[in-house]
Engineer: 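Mind having a look at this structure? Questions to follow.
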Amino acid sequence: EPTRAVFERLRENVALNGFDDVTVVNAAVAEKRGTLTLYESTNDPEANNLFGDGDHPVEVATICLDDDLAEHGVEKVDLLKVDVEGAEPLVLAGAIRLLRSTAAPTIVMELNPVALRFANSEPADLLNRLESSGYRCTELERAMYQGEIVVNILAVPDERKKRDTVSAQPSAASAPK
């Protein structure tokens, strides 16, 4: 979570609930480690974004999901929730190994056309990227935002992807001796 106030609230909630296996990171998730400008909204911290639509610009650290998971020794992610106000393409670009792994997570993601346009993207781009990584996508819910339809999707790794990857690996019985 890149927004300092939201990060602090999240950290407090983790402690209050006794979640000792949760690490809260004060950073934005992007395609690479570095820094980006976060534009904070004075009206709604959930509308903070990386694309110039906000009142107060601040520099924030960024992490790459693939690299961060590897550095922390995380081998399996069951669920990935992505609602990052248009930065979804950056998150996916930094999670290529995770998305294409045989243990790829289920994903819940917001597709907000208004926010995605700030990132020069659109919902179809994200759906295509997920499908090309072996996911099946289903609509969970839709709502209106600034006169446009925002959709939350459930993206589930296609079981055929797992079978194809496993069957492509040589078994012990067929390995040369």
Side-chain angles (χ1 to χ4, degrees), residues 1-112 114-116 118-119 121 123 125-127 129-130 133 135 137-138 140-141 143 145 150-157:
E1 172 57 51
T3 305
R4 179 52 106 179
V6 177
F7 165 77
E8 293 296 341
R9 188 173 57 216
L10 180 58
R11 194 164 66 172
E12 289 170 11
N13 281 325
V14 167
L16 283 172
N17 286 288
F19 297 140
D20 57 1
D21 60 346
V22 173
T23 302
V24 183
V25 179
N26 188 204
V29 179
E31 76 279 15
K32 62 184 178 181
R33 181 183 314 269
T35 60
L36 288 172
T37 302
L38 177 73
Y39 296 87
E40 295 182 333
S41 167
T42 53
N43 300 326
D44 180 8
E46 292 183 16
N48 296 347
N49 66 84
L50 299 172
F51 303 103
D53 184 28
D55 310 315
H56 181 66
V58 295
E59 290 297 308
V60 296
T62 62
I63 61 169
C64 167
L65 198 52
D66 279 339
D67 295 344
D68 200 63
L69 292 172
E71 288 168 14
H72 288 91
V74 176
E75 295 179 6
K76 186 170 187 328
V77 175
D78 294 316
L79 178 69
L80 181 61
K81 171 69 166 93
V82 186
D83 181 351
V84 289
E85 302 311 309
E88 290 82 0
L90 301 178
V91 172
L92 295 181
I96 293 170
R97 288 190 310 266
L98 176 65
L99 299 181
R100 293 191 176 157
S101 74
T102 57
T106 295
I107 301 171
V108 175
M109 181 180 291
E110 180 184 76
L111 303 178
N112 179 337
V114 175
L116 286 167
F118 281 109
S121 189
D125 297 337
L126 293 173
L127 291 170
R129 184 176 293 183
L130 288 168
S133 293
Y135 279 85
C137 299
T138 305
L140 292 175
E141 66 177 342
Y145 176 72
V150 175
V151 177
N152 283 308
I153 63 162
L154 177 68
V156 179

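Since we're looking at a predicted model, the values are computed, not measured.
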Engineer: Please evaluate residues Val29 and Val84 with respect to the criterion side-chain contact (heavy atoms from CB on, under 4.5 Å), reporting the C-alpha separation (whole Å), side-chain torsions for both, the decisive distance (0.1 Å), and the verdict.
Structural biologist: CA-CA 9 Å; Val29 179; Val84 289; over 6 Å; no

Engineer: Can you confirm whether Asn112 sits close enough to Tyr145 that some side-chain heavy atom of one is under 4.5 Å from a side-chain heavy atom of the other?
Structural biologist: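 Yes; the side chains approach each other to less than 4.5 Å.
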
Engineer: Does any non-hydrogen side-chain atom of Val156 lie less than 4.5 Å from one of Thr138?
Structural biologist: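 With C-beta onward as the side chain, the pair stays apart.
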
Engineer: So, taking the atom named CG in Leu98 and the one named CG in Leu92, what distance separates them when rounded to the nearest 0.5 Å?
Structural biologist: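 The CG atom of Leu92 is 10.0 Å from CG of Leu98, to the nearest 0.5 Å.
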
Engineer: Under 3.5 Å, is there a donor-acceptor pair between the side chain of Asn48 and the main chain of Leu38?
Structural biologist: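 It does not hold such a pair.
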
Engineer: Look up atom NZ in Lys76 and atom OG1 in Thr102, then write down how far apart they are to the nearest 0.5 Å.
Structural biologist: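 Rounded to the nearest 0.5 Å, the NZ-OG1 separation comes out at 9.5 Å.
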
Engineer: Decide yes or no for Glu31 and Ile96: does some side-chain heavy atom of the first lie under 4.5 Å from some side-chain heavy atom of the second?
Structural biologist: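 A side-chain contact under 4.5 Å is absent here.
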
Engineer: Which heavy atom in Thr3 sits nearest to a heavy atom in Glu40, and how many Å separate them?
Structural biologist: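 Where Thr3 meets Glu40 most closely, the heavy atoms are CG2-OE2, 3.9 Å.
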
Engineer: How about Leu111 and Leu127: do any of their side-chain heavy atoms sit closer than 4.5 Å?
Structural biologist: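 Sidechains of Leu127 and Leu111: in contact.
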
Engineer: So, Arg11 and Glu8, do they make that salt bridge, N to O below 4.0 Å?
Structural biologist: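 Salt bridge: yes.
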
Engineer: Measure the CD-CG distance between Glu71 and Asp66 for me, rounded to the nearest 0.5 Å.
Structural biologist: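 It is 11.0 Å, given to the nearest 0.5 Å.
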
Engineer: Below 4.5 Å, heavy atoms only, C-beta onward: do Met109 and Val91 meet side chain to side chain?
Structural biologist: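 No - every pair of side-chain heavy atoms lies 4.5 Å or more apart.
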
Engineer: Answer yes or no: is there a donor N or O on one side and an acceptor on the other, between the side chain of Asn17 and the main chain of Phe19, under 3.5 Å?
Structural biologist: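 A pair under 3.5 Å: no.
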
Engineer: Taking all atoms of both residues into account, what is the closest heavy-atom pair of Val25 and Phe7, and its distance?
Structural biologist: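 Shortest heavy-atom contact: C-CE1, 3.7 Å.
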
Engineer: First locate atom CG of Leu99, then atom CG of Leu80, and finally report the distance between them rounded to the nearest 0.5 Å.
Structural biologist: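 So the gap between those two atoms works out to 7.5 Å.
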
Engineer: I need the minimum non-hydrogen distance between Asn26 and Ala61, along with the two atoms involved.
Structural biologist: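 Heavy atoms only, the tightest pair is O-CB, 4.4 Å.
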
Engineer: Go through Glu88 and Arg129 one step at a time and tell me if the salt bridge (charged side-chain N to carboxylate O under 4.0 Å, His left out) criterion holds.
Structural biologist: CA-CA 11 Å; Glu88 290 82 0; Arg129 184 176 293 183; over 6 Å; no

Engineer: So, for Asp83 and Glu85, which heavy atoms are closest and what is the spacing to 0.1 Å?
Structural biologist: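 Nearest pair, atom of Asp83 first, then Glu85: OD1-OE2, 3.2 Å.
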
Engineer: To the nearest 0.5 angstrom, please state how far the SG atom of Cys64 sits from the NZ atom of Lys32.
Structural biologist: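 Cys64 SG to Lys32 NZ: 10.5 Å, rounded to 0.5 Å.
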
Engineer: Has the side chain of Ser121 got a donor or acceptor atom that lies under 3.5 Å from a matching backbone atom of Leu116?
Structural biologist: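 No; judged by distance alone, with no hydrogens or angles, the pair does not exist.
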
Engineer: If you count the non-hydrogen atoms of other residues, nucleotides and ligands that lie under 6.0 Å from CD in Glu59, is the total more than 12?
Structural biologist: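 More than 12 within 6.0 Å, yes.
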
Engineer: Where do Val60 and Ala28 come nearest, in terms of heavy atoms and distance?
Structural biologist: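 The answer is CG2-CB, 4.3 Å.
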
Engineer: So with a 6.0 Å cut-off around NZ of Lys81, is the heavy-atom count from everything else above 12?
Structural biologist: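 Enclosed.
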
Engineer: Give a yes or no answer on whether the side chain of Asp78 reaches the backbone of Thr106 with a donor-acceptor pair at less than 3.5 Å.
Structural biologist: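 No.
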
Engineer: Contact between Leu130 and Ile153 at the side-chain level, heavy atoms closer than 4.5 Å - yes or no?
Structural biologist: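 Yes; the side chains approach each other to less than 4.5 Å.
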
Engineer: Which atoms form the tightest heavy-atom contact between Pro157 and Tyr135, and what is the distance?
Structural biologist: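 Looks like N-CD2, 3.5 Å.
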
Engineer: Where the side chain of Asp55 meets the backbone of Ser41, is there a donor-acceptor pair that is under 3.5 Å apart?
Structural biologist: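 Absent.
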
